[in-house]
Asks: 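Please read through the structure below; I'll follow up with questions.
Note that the structure is a prediction, hence the values are computed from the model and not measured. We count residues from 1, following the sequence as given.
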Amino acid sequence: MAFWWTLLVIGFAYAICRLLLMLIPPNVPSIEVDASDVMDDGNQTQENSYIYIPPRVRTQQQDKRVQCYEPATMKYLGYFPALSRDEVNDRVASARKAQKEWAKSSFKQRRLLLRILLKYIIEHQELICEISSRDTGKTIVDANMGEIMATCEKITWLLSEGEKWLKPESRSCGRATLHKKARVEFHPLGVIGAIVPWNYPFHNIFNPVLAAVFAGNGIVVKVSEHASWSGCFYVRIIQAALAAVGAPESLVDVITGFAETGEALVSSVDKMIFVGSTGVGRMIMKSAAETLIPVTLELGGKDAFIVCEDVDLDHVVNVALRASITSSGHNCTGAERFYVHKNIYSSFVDKISERVKAITVGPPLAGKYDMGAICTQEQSEKLQSLVNDALDRGAKIVARGTFGHLPEGAVDQYFPPTVIVDVNHTMKLMQEEAFGPILPIMKFSTDDEAVRLANDSRFGLGCSVFSGSQRRAKNIASQIRSGSVAINDFATNYLCQSLPFGGVKESGFGRFAGIEGLRACCLVKAVVEDRWWPYIQTKHPKPLTYPVADNAFEFQMSLVEATYGLNIWDRLRALVNVLKMLSEQNTPAKDNSAVDDGSKRAD
């Protein structure tokens, strides 16, 4: 009894010590990042409002510029150079040199880097979100939810589990190699390239950078020409943190430009991560085929949002608004096809229409607006084209949001949330990725019909299924061809950073995030060694040594049956044969044709 009391006291003391340690603030260095040139003090001019990052080499393309504007106001922010192929190669070469040093870093040093970044992000949320808002048009609330939370969650997961999943992993050896030890090792690939879009200017940089750097790689990220202004500031944060842990700043770099810049990046790195359209994804694959590097593609989406008749309607409407308006409009590919059971179809349309009419749209930093601007005018025009096609084919608009005070010259940058009914799959709106705040709603009668409609798409990124019965929701979700699924919620799987993220069909392949995404940044190496070296080693049985014996094939067949036979008695019989043949003194097989030739000559 005293023994168990002792164990209990020790366990309790250990728990108390752990609790006390948690109360001690960690000693994490702070970093300073110059943000003076991105703060909006109202005094910027066209000549001095841009951020200038001194290039490591002299830029040769002064006439090629990436111009930057605030989508919500069309205010000029500045410009960045469109880097040439040679300039991209120089940046990658610098990252490659830095990576050779960083590959030797300890996990302790890598975790310190992540903690420094996490500390800065938490302490500078407002600055990060404001810059994201100015460069893309989203509200700062949306920026915080889509940019800050996802990034902090990824850092926290890597701190907690990253080292565990990158350590050598033991594997079983199998029957034929019981005297061996097998393991998988995860080594850095080298320099990873990433081409990312504008929708998450902060997270789209940090997402590939965190995994790549923690796995020991260098990385060069080409940011979108529509989010270069923010991207060139965000990389300062990473480089300041690298300097704080004694790592070369060139390990992580951000480059700006257009197609030529992206093509140059693909041809010079050891792996590509691409997030963007299906069409460009195909071109990335074609370029990557020239150097045979691995590629991860996260492409378009047309996520289905299925609502059964047994749901809490008010809850589902709240989720649907978040899924379609904030996510689809600014942050990610959100829910773009709504399938609602016929028994609650009218109630769902009425409730969501009432809520949409109360949503206000305007400059996100100029007042209290629910939704900001669309990032590009081309995207706004595409949304209107999809709506017009649906209306021409019989669809009806039943509700739209309201505009606030829109800046003159930026009116075309805004598109109100729009509820459309009487839609079907002949309409482009139900087939093409909209990437905007449109809610097309169809009705269904049976679960099988809902599954058929959801799968009737060339995309397969994610889906959401809502039902009062989790068993029913899971059964529907299991039949939908998509890379992820949320049961009675939307997109929460992305906040579970232990999970892989990616799609199927024209939504791409490969995964980032989670164990799969982290290990995808590695050279996965299979290693086998002797378990009891040097006492037991692999030796070929005498019948199989060269020149092989006459009964070599018979011996090999018996060996296979003795090792893998399904019946224990057959395996024992084969083992007896193996032992018998090993005990016999066999001579090497002779060349019968040579013997015959010799006999003929003797005759």
Side-chain angles (χ1 to χ4, degrees), residues 46 49-71 74 76-95 132 134-137 191-202 204-205 208-209 219-235 252-269 272-291 293 295 297-300 374-382 413 433 435 508:
Q46 179 165 325
S49 64
Y50 61 88
I51 306 171
Y52 177 69
I53 298 181
R56 294 187 177 88
V57 296
R58 179 176 173 80
T59 301
Q60 301 298 322
Q61 293 180 261
Q62 299 293 344
D63 57 331
K64 291 188 177 181
R65 299 175 174 180
V66 178
Q67 303 288 357
C68 304
Y69 300 88
E70 287 186 8
M74 294 304 290
Y76 186 76
L77 293 172
Y79 68 87
F80 294 91
L83 300 186
S84 68
R85 179 173 295 275
D86 289 341
E87 291 168 323
V88 172
N89 290 340
D90 287 342
R91 298 288 188 95
V92 173
S94 295
S132 175
R134 291 182 66 192
D135 210 13
T136 66
V191 176
I192 293 175
I195 299 178
V196 298
W198 51 263
N199 55 344
Y200 281 88
F202 178 75
N204 279 344
I205 293 175
V209 165
I219 182 169
V220 178
V221 183
K222 182 201 171 294
V223 291
S224 167
E225 58 268 30
H226 302 298
S228 297
W229 181 76
S230 56
C232 288
F233 170 74
Y234 293 144
V235 74
V252 177
D253 208 346
V254 161
I255 58 176
T256 53
F258 302 98
E260 179 187 354
T261 306
E263 291 169 4
L265 182 62
V266 176
S267 64
S268 59
V269 295
M272 272 304 303
I273 298 172
F274 174 74
V275 182
S277 69
T278 302
V280 177
R282 288 193 174 98
M283 291 189 284
I284 295 291
M285 281 188 65
K286 185 176 180 180
S287 296
E290 295 296 324
T291 50
I293 60 169
V295 178
L297 300 178
E298 196 265 278
L299 308 178
I374 302 298
C375 187
T376 69
Q377 185 174 340
E378 293 80 3
Q379 184 63 22
S380 183
E381 292 171 354
K382 178 185 176 182
Q413 298 292 128
E433 183 179 35
F435 220 70

Asks: Quick check: does any side chain N or O of Thr136 sit under 3.5 Å from a backbone N or O of Asn199, one acting as donor and the other as acceptor?
Replies: no
Asks: Using the side-chain contact (heavy atoms from CB on, under 4.5 Å) criterion, which residues pair with Gln377? Sequence neighbours excluded.
Replies: Glu381, Asp412, Gln413
Asks: Using modelled atom types only, decide if a donor and an acceptor are shared between the side chain of Asn204 and the backbone of Pro197 within a distance under 3.5 Å.
Replies: yes
Asks: Restricting to non-hydrogen atoms, name the atom on Ile374 and the atom on Pro71 that form the minimum distance, rounded to 0.1 Å.
Replies: O-CB, 3.7 Å
Asks: What's the shortest heavy-atom distance between Val220 and Ala95, and which atoms?
Replies: CG2-CB, 3.9 Å
Asks: Working to the nearest 0.5 angstrom, can you tell me the gap between Ile284 CD1 and Leu299 CG?
Replies: 9.5 Å
Asks: Do side-chain atoms of Thr256 reach the backbone of Pro81 as a donor and acceptor pair under 3.5 angstrom?
Replies: yes
Asks: Would you say Phe274 and Glu298 make side-chain contact, with heavy atoms under 4.5 Å?
Replies: no
Asks: Could you give the distance from CD (Glu290) to CD (Glu263), rounded to the nearest 0.5 Å?
Replies: 11.5 Å
Asks: Answer yes or no: is there a donor N or O on one side and an acceptor on the other, between the side chain of Ser228 and the main chain of Ser224, under 3.5 Å?
Replies: yes
Asks: Going through the checks in order, is the side-chain contact (heavy atoms from CB on, under 4.5 Å) test met by Trp229 and Arg134?
Replies: CA-CA 9 Å; Trp229 181 76; Arg134 291 182 66 192; 3.5 Å; yes
Asks: Measure the OG1-CZ distance between Thr261 and Arg91 for me, rounded to the nearest 0.5 Å.
Replies: 10.0 Å
Asks: At what distance, to the nearest 0.5 angstrom, does CD1 of Ile192 lie from CD1 of Ile219?
Replies: 6.0 Å
Asks: Hey, mind stepping through Ile205 and Tyr234 against side-chain contact (heavy atoms from CB on, under 4.5 Å) and telling me if it holds?
Replies: CA-CA 8 Å; Ile205 293 175; Tyr234 293 144; 4.2 Å; yes
Asks: Whether the Gln67 and Tyr76 side chains hold a donor-acceptor pair (N or O, under 3.5 Å, no angle test) is what I'd like checked.
Replies: yes
Asks: Among all residues two or more places apart in sequence or in another chain, which pass the salt bridge (Lys or Arg N to Asp or Glu O under 4.0 Å) test with Glu225?
Replies: Lys222
Asks: Taking Asp135 for the side chain and Ser230 for the main chain, is one N or O donor matched with an acceptor at less than 3.5 Å?
Replies: yes
Asks: I need the Met283 CE to Ile195 CD1 distance, nearest 0.5 Å.
Replies: 9.5 Å
Asks: Would you check if Val66 and Phe258 make a side-chain contact, meaning some heavy-atom pair closer than 4.5 Å?
Replies: yes
Asks: Answer yes or no: is there a side-chain heavy-atom contact under 4.5 Å between Lys64 and Glu260?
Replies: yes
Asks: Please report the C-alpha distance between Phe80 and Cys232 in whole Å, then the side-chain angles of each, then the deciding distance to 0.1 Å, and finally whether the side-chain contact (heavy atoms from CB on, under 4.5 Å) criterion is met.
Replies: CA-CA 9 Å; Phe80 294 91; Cys232 288; 3.7 Å; yes
Asks: Taking side-chain contact (heavy atoms from CB on, under 4.5 Å) as the test, write out the residues that go with Ala264, two or more places apart.
Replies: Arg85, Val88
Asks: When you compare the side chain of Ile255 with that of Val221, does any pair of heavy atoms fall below 4.5 Å?
Replies: no
Asks: Nearest 0.5 Å, please: how far is CZ in Arg282 from CG in Leu297?
Replies: 10.5 Å
